[in-house]
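Below: one structure in structure tokens.
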Number of protein chains: 2
Amino acid sequence: MKDRTSSSKIYLDVVESLRSMIEADSLLPGDKIPSERELSDRLNVGRSSVREALRALELLGLIETRRGEGTFIRDFQEHKLVELLGTFFLQDKKVQQDLAETKRLIEIDCLRIVAFFAKAEDIKRLVGWVKAEEFRDDDFFLRIAILNRNRLLERIWRIVNSYARTSEMVQGNVKKEDYLTLLTYLLERDEEKAIETYLIRIRNMSKDE
Amino acid sequence: MKDRTSSSKIYLDVVESLRSMIEADSLLPGDKIPSERELSDRLNVGRSSVREALRALELLGLIETRRGEGTFIRDFQEHKLVELLGTFFLQDKKVQQDLAETKRLIEIDCLRIVAFFAKAEDIKRLVGWVKAEEFRDDDFFLRIAILNRNRLLERIWRIVNSYARTSEMVQGNVKKEDYLTLLTYLLERDEEKAIETYLIRIRNMSKDE
DNA sequence: CAGGCCGCTGTGGTCTGACCACTAGATTTC
DNA sequence: GAAATCTAGTGGTCAGACCACAGCGGCCTG
């Protein structure tokens, strides 16, 4: 029974088993997964191996455990682990640079899509929000990323953003006015102008990245 | 000694301890960190707790363990966070569409960067390759992705591409001629024309994605 | 001396069984 | 009926036991 395909770590097998289990039962965020002891039974592995897998997934923010209750699938939202990564080994200069560039590119992609396809009413709602609330730069672009309706791209943005966050690439003082200008161009479906505003006013760059 | 700041999980404390330990000793990728038993001793926690922390960091790709040898810090470039997230929730239908779109966007981003910054000699080498070899569409864009010199973006492309591959979004018959046209525009630094060629000739789409 | 064999030690990999702390729901008690 | 209590189930942690493997040094043999 212990013929685990490869000779390698059991906890990885458990991770894989969990993955297919979740897929098979089409479990969604919020759902409960079997208890550690039951998994340990079902998969014929020690509880400690199961725990290693669960702890790893927990640190990744994929699951959430509540003592006395159980383990639950988590919505891919606020994984705080990523903050760790930043403080961990992210000192390399080149990496920082790539990170910033990639973030910019993705944000521009999102802007393009929004400029083409977003409903005017959604953009207007965003205008209202900008006027009403205090917010950080990444709050704003998170909303842009969501508007673009491409969940995968949104996810990539979130990841890149969380890495970027922890490495103090913080944007300083951007004025609401600039965001509003950007939104206005989006409403007018003027992709060119929108991106120009983004690069020059919001990211303080010259025209060619 | 067991006054762990909060009431929460020990393995997280261990992660934190490791972090500061690495920082304090300024350990770099490749360096060895203390053995599980020693950590367990030094931090006054059970070895299993240490292992939970290490396994989590390992899954994140931050460390690497070699049986019989020890645990080592790993090069951050290779982290598998993104892969994991992908394999986890990538089942539903809409995702396919997002996948294709995202791939296209990233490819366009790469093309833009190449058009601006790639050395003419590198592009010419690619021309030679196209003429000489038989290749698949993704072979070509892998080379584009590499040319762009942004390791992170390249990485994201590879991941998105591998998913796209498995879900048979294969491109049919594209003629070498089209790729050569594209490269010619890149050489001329004509971003506009290059992207137009990409969308219309290579991806068979109308101008606005 | 060179080459290889052997066993010791240290390391990660895994399992087991034992507690503890906590939660939620059933049960009892008033 | 409401409140207090008990209980079963769950995650959190630990200690100790093996195993498999890598590296090293010493010993034997040719």
Side-chain angles (χ1 to χ4, degrees), chain A residues 1-18 21-22 25 27 29-74 79-81, chain B residues 1-18 21-22 25 27 29-74 80:
Chain A
M1 175 57 80
K2 210 63 112 347
D3 63 277
R4 314 191 317 276
T5 345
S6 75
S7 60
S8 50
K9 339 218 176 191
I10 290 199
Y11 90 96
L12 288 177
D13 295 345
V14 175
V15 168
E16 177 52 26
S17 300
L18 278 170
M21 197 175 297
I22 289 173
D25 305 350
L27 297 183
D31 290 347
K32 190 168 181 298
I33 66 182
S35 77
E36 298 181 350
R37 290 173 176 85
E38 182 178 342
L39 285 172
S40 153
D41 261 14
R42 281 225 287 239
L43 305 177
N44 286 301
V45 299
R47 193 180 153 210
S48 49
S49 293
V50 171
R51 280 187 62 81
E52 289 180 8
L54 291 178
R55 266 356 94 217
L57 292 179
E58 184 180 56
L59 192 59
L60 270 175
L62 293 176
I63 61 175
E64 175 185 3
T65 61
R66 296 200 283 270
R67 175 189 238 156
E69 296 183 63
T71 304
F72 304 82
I73 298 185
R74 186 164 171 173
H79 43 207
K80 54 181 177 183
L81 68 112
Chain B
M1 177 57 80
K2 208 63 109 351
D3 64 275
R4 314 191 315 277
T5 344
S6 72
S7 61
S8 52
K9 338 217 178 192
I10 289 197
Y11 89 97
L12 288 177
D13 295 344
V14 175
V15 168
E16 177 52 27
S17 301
L18 279 171
M21 194 175 300
I22 289 172
D25 305 351
L27 299 183
D31 290 347
K32 190 167 180 299
I33 66 181
S35 78
E36 300 181 350
R37 289 171 176 85
E38 183 178 341
L39 286 172
S40 156
D41 263 10
R42 281 225 287 238
L43 305 176
N44 285 302
V45 299
R47 192 182 154 210
S48 48
S49 294
V50 171
R51 281 186 62 79
E52 289 179 9
L54 291 178
R55 265 357 93 216
L57 292 179
E58 184 181 55
L59 192 60
L60 272 175
L62 293 177
I63 60 175
E64 175 184 4
T65 60
R66 295 200 283 271
R67 177 191 238 154
E69 297 184 62
T71 303
F72 304 83
I73 298 183
R74 190 163 167 175
K80 341 178 191 170

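Each chain gets a letter, A, B and so on, in the order the sequences are listed, and its residues count up from 1.
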With the side chain of B:Glu36 defined as its heavy atoms from C-beta on, choose the nearest nucleotide among D:dC14, D:dG11, C:dG13.
->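 Between D:dC14, D:dG11, C:dG13, the one nearest the side chain of B:Glu36 would be C:dG13.
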What about A:Arg47: does its side chain form a donor-acceptor pair under 3.5 Å with the base of D:dG12?
->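 Answer is yes: a donor-acceptor pair is held.
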Examine D:dG12: is either OP1 or OP2 under 4.0 Å from a nitrogen or oxygen in the side chain of A:Arg51? Give yes or no.
->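 So the side chain of A:Arg51 is within the cut-off, an N or O lying under 4.0 Å from OP1 or OP2 of D:dG12.
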Give a yes or no on whether a donor-acceptor pair under 3.5 Å exists between the nucleobase atoms of D:dG9, that is its base, and the side chain of A:Arg37.
->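 No, no donor-acceptor pair under 3.5 Å.
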Is the closest basic N to carboxylate O distance between B:Glu36 and B:Arg55 below 4.0 Å?
->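 Yes, charged N to carboxylate O under 4.0 Å.
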Expressed in angstrom and rounded to an integer, what is the separation of B:Glu69 atom CD from D:dA22 atom C1'?
->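 My rounded result for the distance is 6 Å.
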Of the nucleotides D:dT13, D:dC14, C:dC15, which one has an atom closest to the side chain of B:Val45?
->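 In terms of side-chain proximity for B:Val45, the closest of D:dT13, D:dC14, C:dC15 is D:dC14.
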Of all the nucleotides listed (D:dT13, D:dG12, C:dG12), which has the minimum atom distance to the side chain of B:Ser49?
->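 Selected nucleotide (nearest to the side chain): D:dT13.
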Which of the following nucleotides, C:dG13, D:dG11, C:dG12, is nearest to the side chain of A:Thr71?
->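 Closest nucleotide to the A:Thr71 side chain: D:dG11.
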Phosphate OP1/OP2 of C:dG13 contacted by B:Arg55 side-chain N/O (<4.0 Å) |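 The answer is yes; a side-chain N or O of B:Arg55 sits under 4.0 Å from OP1 or OP2.
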Under 4.0 Å: is that the gap between some side-chain N or O of A:Thr65 and OP1 or OP2 of D:dG12?
->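 So the side-chain polar atoms of A:Thr65 do come within 4.0 Å of the phosphate oxygens OP1 or OP2 of D:dG12, strictly under.
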To the nearest 0.5 Å, what is the distance between CG (B:Leu18) and CD1 (B:Ile73)?
->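 The CG atom of B:Leu18 sits 9.0 Å away from the CD1 atom of B:Ile73.
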Report yes if at least one side-chain N or O of B:Ser48 is closer than 4.0 Å to OP1 or OP2 of D:dG12; otherwise report no.
->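 Answer no for this pair, as no side-chain N or O of B:Ser48 is under 4.0 Å from OP1 or OP2.
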Length of the line joining B:Arg66:CZ and C:dG13:P, which is rounded to integer Å =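 These atoms are roughly 12 Å apart.
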Scan A:Gly68 against the nucleic acid and name what it touches under 4.0 Å (heavy atoms): base, sugar-phosphate only, or nothing.
->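 Base, at least one base atom sits under 4.0 Å.
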Given side chains that start at C-beta, do those of B:Leu59 and A:Leu57 come closer than 4.5 Å, heavy atoms only?
->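 Yes; the side chains approach each other to less than 4.5 Å.
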Could B:Glu52 and B:Lys9 be called an ion pair, given the rule that one side-chain N must be under 4.0 Å from one carboxylate O?
->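 A salt bridge is absent here (no side-chain N lies under 4.0 Å from a carboxylate O).
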